[in-house]
Peer 1: 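First the structure, which I've put down as structure tokens, then a few questions once you've had a look.
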Protein chains: 2
Amino acid sequence: MSSNEKNTRIKILDATWKLMEDRRGLGVRMSDIAKAAGISRQAIYLHFDTRTVLMSATAIYVDEVKGLDERLKIVMSAATAVDALKAFVNVWGNYVPEIYGLAKALLAARETDEAAGVAWDERMGCLRDGCREIISGLDAEGRLAPEWTQADAVEMLWTALSFQTWEQLTVDCGWSVDNYVRHMTALVMRGFVV
Amino acid sequence: MSSNEKNTRIKILDATWKLMEDRRGLGVRMSDIAKAAGISRQAIYLHFDTRTVLMSATAIYVDEVKGLDERLKIVMSAATAVDALKAFVNVWGNYVPEIYGLAKALLAARETDEAAGVAWDERMGCLRDGCREIISGLDAEGRLAPEWTQADAVEMLWTALSFQTWEQLTVDCGWSVDNYVRHMTALVMRGFVV
DNA sequence: CATGTCAATTGACACAGTGTCAAGTGAATC
DNA sequence: GATTCACTTGACACTGTGTCAATTGACATG
């Protein structure tokens, strides 16, 4: 039955997701996932060719469940680009902890695995799109600081909001998400808005 | 003879460094290093207990040869904190490509290896110290933007100047080092200085 | 000259984790 | 009753790290 097949697939995705979050993306083996999903290790390979394929599929699955795209789109409907920017930082800063483990694992895999790199870039795509919209909005409203071309500002803002930056501030510096949002907002407001 | 022992050690460190830079920190095996150093794979373990120990030792070796500390100290002698900040971004931005491969490898190892994490934190220490001095100088000169406490500004500046940020802008966004320096300077000047 | 020391070599092996393969099981389907 | 299909089981190949024991070759000292 295809519903049974689907159930196993979903069980694997859920197990992968849960384990990645529990262990912050580190030390999650295929055998751990199999155990958590209640199937044999080899059965995973009936659904996903490689570990990387599984992680990419899990990332897509999580995106669907969590719906970052939608959250960001709502943000974009703010009255002004400045409001959108503030809301954007807030949504993103609060979203990262929900996907931290999986993102971390995907990022690590990216170093050695081409396919993981592609999957990562796709995940980060909507963030970059959001930055582009906001910068273009700022510019249209005449509030983009004169130092910046739109293209440069987009890339700098996207980098400031990167997963790695979020991680360094919260994990290495011990900031709360609220502090991250407050101070990152301050930085980008000063840095890009006039 | 102890000079012979030292020679082999240095040969290993040089080989490690060179390979890390050549391969941008990825896919460098102990056997590759041995081959490049002209010794047997097992002989490496006569000098370095583990791969991580070797990488940490190489990082220290590179630091000695390249002398980031000294370069940064010269920067600190600038007339004003603002000048120091600009020079700091310039020195750091131009320094990273010289240590990219090794830094990348150490950063990757950090995820699974406690000792690598310590080694990384030590390497990043002088950067953080520099940020602290600059922010405290800005504050003393009354030019730190009012949004910031010194502690918060130090951590945010340190994060803005992180290896990962440098990497995202130059590798992922394709910026030249000159562009990195110019735009990062613009961001931190706007973000922190008043 | 004989002896000891010490760095390095060689070959073998343990271990972990990914991915593959072949044979077999059990339940639904025709 | 035969087929199909997801899944299980056990075995194995492969890679890379780290360990071990036996051996070599150079050099230093008595």
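Keep in mind that the numbers below use all heavy atoms, side chains included, and drop hydrogens, waters and symmetry copies. None of these values were measured; they are calculated from a predicted model. Letters A, B, ... are given to chains in the order of the sequence lines, protein chains preceding strands, and every chain is numbered from 1.
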Peer 1: Using a 3.5 Å distance criterion without hydrogens, assess whether the side chain of A:Trp148 forms a donor-acceptor pair with backbone atoms of A:Gly191.
Peer 2: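 Yes; judged by distance alone, with no hydrogens or angles, the pair exists.
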Peer 1: With B:His183 as reference, evaluate A:Thr149, A:Thr159, A:Asp152 under the side chain to side chain donor-acceptor pair (under 3.5 Å) test and give the passing residue.
Peer 2: A:Asp152
Peer 1: On the nucleotide C:dA8, are OP1 or OP2 found under 4.0 Å from the side-chain N or O atoms that B:His47 carries?
Peer 2: yes
Peer 1: Strictly below 4.0 Å, heavy-atom distances to any atom of DNA chain D: list the hits from residues 20-29 of chain B, or just say none.
Peer 2: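 Within this stretch, B:Arg29 sit under 4.0 Å of the strand.
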Peer 1: Go through the structure and list residues passing side-chain hydrogen bond (donor to acceptor under 3.5 Å, both in side chains) with B:Glu111, not counting sequence neighbours.
Peer 2: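 Here the qualifying residues are A:Lys104.
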Peer 1: Within the 3.5 Å criterion, strictly below it, is a donor on A:Thr165 or A:Ser162 matched to an acceptor on the partner's side chain?
Peer 2: yes
Peer 1: Round to a whole Å and report the spacing from NZ of A:Lys11 to P of D:dC7.
Peer 2: 8 Å
Peer 1: Donor-acceptor pair, distance only, cut-off 3.5 Å: does the side chain of A:Asp32 make one with the backbone of A:Arg29?
Peer 2: yes
Peer 1: For the atom pair CG (B:Asp69) and CZ (B:Arg71), what is the distance rounded to the nearest 0.5 Å?
Peer 2: 11.0 Å
Peer 1: Are A:Val171 and A:Met184 in one and the same hydrophobic cluster, where Ile, Leu, Val, Met, Phe, Trp and Tyr link if side-chain heavy atoms are under 4.5 Å apart?
Peer 2: yes
Peer 1: Could you list, one pair per line, each protein nitrogen or oxygen that sits under 3.5 Å from a nitrogen or oxygen of nucleotides 23-27 of chain C, together with the distance?
Peer 2:
none

Peer 1: Under 4.0 Å between a Lys/Arg side-chain N and an Asp/Glu carboxylate O for B:Arg110 and B:Asp121?
Peer 2: yes
Peer 1: Please report, rounded to the nearest Å, how far the C1' atom of C:dA7 is from the CZ atom of B:Phe48.
Peer 2: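 It is 14 Å, rounded to the nearest whole Å.
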Peer 1: Can you measure B:Met30 atom CE to C:dT9 atom P for me and round it to whole angstrom units?
Peer 2: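 In whole Å, C:dT9 P lies 14 Å from B:Met30 CE.
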Peer 1: Rounded to whole Å, please give me the gap between NZ in B:Lys35 and P in D:dG16.
Peer 2: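 In whole Å, D:dG16 P and B:Lys35 NZ are 11 Å from each other.
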Peer 1: Sequence neighbours left out, what pairs pass ring pair (Phe, Tyr, Trp, His ring centres under 6.0 Å) with at least one residue falling in residues 79-109 of chain B?
Peer 2: B:Tyr100-B:Phe163, B:Tyr100-B:Trp166
Peer 1: Is there a residue in residues 105-120 of chain A whose heavy atoms reach under 4.0 Å of DNA chain D, and which residues are they?
Peer 2: none
Peer 1: Just the rounded figure in Å: distance from C1' of C:dA7 to CG of B:Asn7.
Peer 2: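 Checked: the CG to C1' distance equals 12 Å.
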Peer 1: State whether the side chain of B:Arg143 and the backbone N or O of B:Gly137 hold a donor-acceptor pair below 3.5 Å, judged by distance alone.
Peer 2: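 A pair under 3.5 Å: no.
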Peer 1: Closer than 3.5 angstrom, by distance alone: can the side chain of A:Glu147 be matched with the main-chain N or O of B:Ala186 as a donor-acceptor pair?
Peer 2: no
Peer 1: Which residues in residues 36-46 of chain B have a heavy atom closer than 4.0 Å to any atom of DNA chain D?
Peer 2: B:Arg41, B:Gln42, B:Tyr45
Peer 1: Any donor-acceptor pair under 3.5 Å linking the side-chain atoms of A:Ser136 with those of A:Asp139?
Peer 2: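 Absent: no donor and acceptor within the cut-off.
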Peer 1: Could you tell me the separation between the CG atom of A:Leu19 and the OG1 atom of A:Thr58, rounded to the nearest 0.5 Å?
Peer 2: 10.5 Å
